[in-house]
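Just so you know, these numbers come straight off a predicted model, no measurement behind them.
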Amino acid sequence: MTDPQFLKDLAREAGRRRTFGIISHPDAGKTTLTEKLLLYGGAIQMAGTVKARKAARYATSDWMAMERERGISVTSSVMQFEYQDFAVNLLDTPGHQDFSEDTYRVLTAVDSAVMVIDSAKGVETQTRKLMDVCRLRDTPIITFINKMDREGREPLDLLSDIEESLGIECAAMTWPVGMGKGFKGTWNILKNQLHLFSATHGGKIQEGIVIKGLDDPRLDELLGTQADDLRRDMELVEGAGYPFDRERYLAGKQTPVFFGSAINNFGVQELLNAFVDLAPAPRPRTATTREVAPTEPEFSGVVFKIQANMDPAHRDRIAFLRICSGRFTRGMKLRHHRIGKDVTIANATIFMAQDRSNVDEAWPGDIIGLHNHGTIKIGDTFTEKEPLKFTGIPSFAPEHFRRVILKSPLKAKQLQKGLAQLAEEGAVQVFRPLMGNDYILGAVGVLQFDVIMARLKDEYGVDALYEPVQYTCARFVSCEDKRTLADFERAMHSSLAKDAEDNLAYLAPSQWRLEDTQEKWPDVRFNTTREHE
Ligand code: G4P
C-alpha cells in the first residue's frame, strides 16, 4: 500500500507546479521579461545567465563559442523559481537564429505558455509558427503585450490582429492608458483598479491610490482627459470584447491579455500573479496504453530534448526528461523501456534555481537532466515498472535542406554512423532519397546545419561539405489504402525519401509543386509532423 502521507505530498507538490515556456518573435522582449520574472522569484544570479546566453548567440560561427553557449544553455534551459506558494519551471524556447526543432519540442513539455508581443509590431512570423505548435496540444496561452512605453499600435487593433492571425479569442485583463510618452499605466479590468506607470518605481503596485471604479472622479484628477478615453475604451471592450472564461483559456481557445513594459518592470508582477493563479498545474499525459495522471505514485517521465554537454572531451549529452507522474529521488532505479534495461539514475541534474546542492527529489512538472552516452533518444519513456510509452513528442517537417558531400570517400562509414546518431538524438533530420545514395539533411532552423558539421568533424572525424539542394519543404506521407500508396510511390519515386526511422517523406521543390501534388493525390496524407516511434 502506498503511504498516504506520500500521496498527500505528491498531490500538493504536483498541484503547486507551473511549467511553462515563453513564445515570441525575436526582439519582442522575451529575455527582458524572463529576467524580470526571475527577479520576482529571487533567482537573480540566473537572470545574469539569461543575458549572457543572449550575448553568446552572436558568435555562432565559432565552434568553441557554440560549445560555451550550450554550456550556459544547459543551465538556463530550465529555470525553476519559487513564487508565493508555487514552484515555477520556465523552460527556455530558443527563438532566434538558433531556432531549431528543440524550440518546438520544448513546447511539448510545458503545461502552458506566455506569448510576448511587441506593441509596435503585433503578431510576427515566429510567433505564428510557435503558436501552431501550441495548438497541437491546445496549450493554454497568456499574452503579454510589451513596450507600452513606446508608440505602438492601438490596443484594439492589436487584439484583432491576434484574433485574426492566430485564431484565438482575446480577453483583455488589463487595459493601457495611453502609450509612448503619454503612457500613464494600466486599468485592471477584473479588479477595477488603476496601476499608475512611472519609470522609476520598479513595478510595484502603488499603495494608497484607491480608485473605486471607472466613475471615481479621482480618475480624472490622475489621468486628465485620458480618463474619458479610458472610459470609452472600456465601453468598447465590454461591448465587443470577450469576457475572461477560464475554461476557454484552459482549452487553448481564449488568451487573457495583459499590457506592460518589461524593461520598466511594469505589468510584470500582475502577469506573474495571474499566471500562477490561472495557469494549469501538470495535467494527465497520454501514453499509448492509457492516460497517466500526475498524482499516480509510480514515477514516469518522457525525454523531449537532447543537448550536447559543456565538455566536448566527454561527448556527453544531457537528455531532458519531463516528469509526468510520481516522485523522482536521486539514485532511484528506472526502466528505459525502448531498450528494455534498468538504469540507476545517480547523477541526474535536477534543475533548481535556489540551493541546487540540497535538492534530491523532483515532482511532476519538473525537468531532470539525465547524462546520456547515446542510449537515450527523444520520445523515450522511463518508469519504475509499468511499460509505458508517452505520445505527443512530434518530429517537425524541416524547412531547410542541404546535401552532404564527403571530402574523403574513406569516411563513408563514419558519416553514416554520425548521421544516424545525430538523427536519433533529434539534432537534425536525415533523408535518403529512394533514388541514389545521397544524404539530405533537413532542419527547422539553419543554424542546425553548422552544429551538425562541427559535430561530425569533432565527434566522428568526418570532413564534409554542404551543397544546396532544390527542396523547400518535406511532408511525411501516409495513406490508408495500400494500393494508392504503391501507385503514389511509383509515380513520385524521384521525389520520395526515407527518414532515419524509415518513414516515407515527399520532398517538394516548391510550395506550388506540393499543392499540385496534394491536389492530384487527394487520398494521400501529407503530414507536417509525425510522432517519434
Ligand atoms: P528577445 O529576447 O525577445 O529577443 O528581446 P529582448 O528582451 O532582448 O529585448 C529586445 C529589445 O527590446 C532590447 O533592446 C530590450 O531592451 C528592448 N525592450 C524589452 N522590453 C522593452 C520595453 O518594455 N520597452 C522598451 N522600450 N524596450 C524594451 P536592445 O536595444 O536590442 O538591447 P539592449 O541593449 O537593451 O539589451
Side-chain angles (χ1 to χ4, degrees), residues 19 21 67 70-80 89 91-94 100-110 285 287 299-312 314-326 328-352 356 359 361-384 387-395 418 420-429 448 451-452 455 459 500-501 531-533:
T19 301
E67 282 293 294
R70 285 152 162 240
I72 295 167
S73 63
V74 166
T75 51
S76 69
S77 291
V78 184
M79 294 160 273
Q80 191 186 61
N89 291 309
L91 309 198
D92 187 33
T93 45
S100 70
E101 286 169 72
D102 272 352
T103 312
Y104 284 174
R105 289 199 203 101
V106 165
L107 290 175
T108 66
V110 300
R285 199 144 177 135
F299 172 91
S300 69
V302 61
V303 173
F304 62 94
K305 157 170 165 160
I306 291 181
Q307 190 163 11
N309 201 357
M310 203 154 119
D311 185 354
H314 284 106
R315 276 200 200 182
D316 199 9
R317 321 256 156 76
I318 293 199
F320 288 77
L321 176 139
R322 144 117 199 186
I323 301 180
C324 301
S325 67
F328 174 81
T329 49
R330 201 178 288 288
M332 90 191 284
K333 198 153 75 172
L334 293 179
R335 190 146 183 90
H336 182 349
H337 288 289
R338 186 175 49 82
I339 59 171
K341 269 199 180 142
D342 285 336
V343 279
T344 302
I345 313 288
N347 59 351
T349 307
I350 299 180
F351 294 99
M352 292 271 172
R356 273 169 167 254
V359 179
E361 58 182 20
W363 302 90
D366 288 344
I367 311 298
I368 56 176
L370 307 178
H371 293 269
N372 168 27
H373 302 281
T375 48
I376 304 180
K377 69 177 198 174
I378 288 172
D380 280 351
T381 301
F382 288 75
T383 70
E384 279 168 75
L388 285 175
K389 169 89 189 90
F390 286 108
T391 60
I393 309 272
S395 243
Q421 288 187 359
L422 291 166
E424 188 163 295
E425 189 186 297
V428 73
Q429 294 188 42
Q448 277 176 258
V451 175
I452 294 303
R455 288 187 59 189
E459 297 171 27
E501 287 174 20
E531 294 229 337
H532 278 266
E533 300 289 300

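Judged by distance alone, the side chain of Arg338 and the main-chain N or O of Thr375 form a donor-acceptor pair under 3.5 Å. Side chain of Arg330 to main chain of Glu361: no donor-acceptor pair is present (N/O by atom type, distance under 3.5 Å, no hydrogens or angles).
Looking at heavy atoms from C-beta onward, Val343 lies out of side-chain contact with Lys333 at the 4.5 angstrom threshold. Side-chain contact between Asn89 and Met79 is absent, with no heavy atoms from C-beta onward closer than 4.5 Å. Proximity of Asp366 to Phe328: side-chain heavy atoms (C-beta onward) are nowhere separated by under 4.5 Å. Using a 4.5 Å cut-off on side-chain heavy atoms (C-beta onward), Phe304 and Leu91 make contact. In this structure, the side chains of Thr19 and Arg322 come closer than 4.5 Å at one or more pairs of heavy atoms.
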Is there a side chain to side chain contact (heavy atoms under 4.5 Å, CB included) between Lys377 and Val303 once you walk through the steps?
-> CA-CA 7 Å; Lys377 69 177 198 174; Val303 173; over 6 Å; no
Dump the intermediate steps for side chain to side chain contact (heavy atoms under 4.5 Å, CB included) on Asp342 and His336, then the final yes or no.
-> CA-CA 6 Å; Asp342 285 336; His336 182 349; over 6 Å; no
Side chain to side chain contact (heavy atoms under 4.5 Å, CB included) between Val106 and Phe320: does it pass, once the steps are laid out?
-> CA-CA 9 Å; Val106 165; Phe320 288 77; over 6 Å; no
Stepwise, does the side chain to side chain contact (heavy atoms under 4.5 Å, CB included) test hold for Phe299 with Ile323?
-> CA-CA 8 Å; Phe299 172 91; Ile323 301 180; 3.8 Å; yes
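Of the options Leu388, Val302, Thr391, a side chain to side chain contact (heavy atoms under 4.5 Å, CB included) to Arg285 is made by Val302 and by none of the others.
For Thr381, the side-chain hydrogen bond (donor to acceptor under 3.5 Å, both in side chains) criterion is met by no residue, not counting sequence neighbours.
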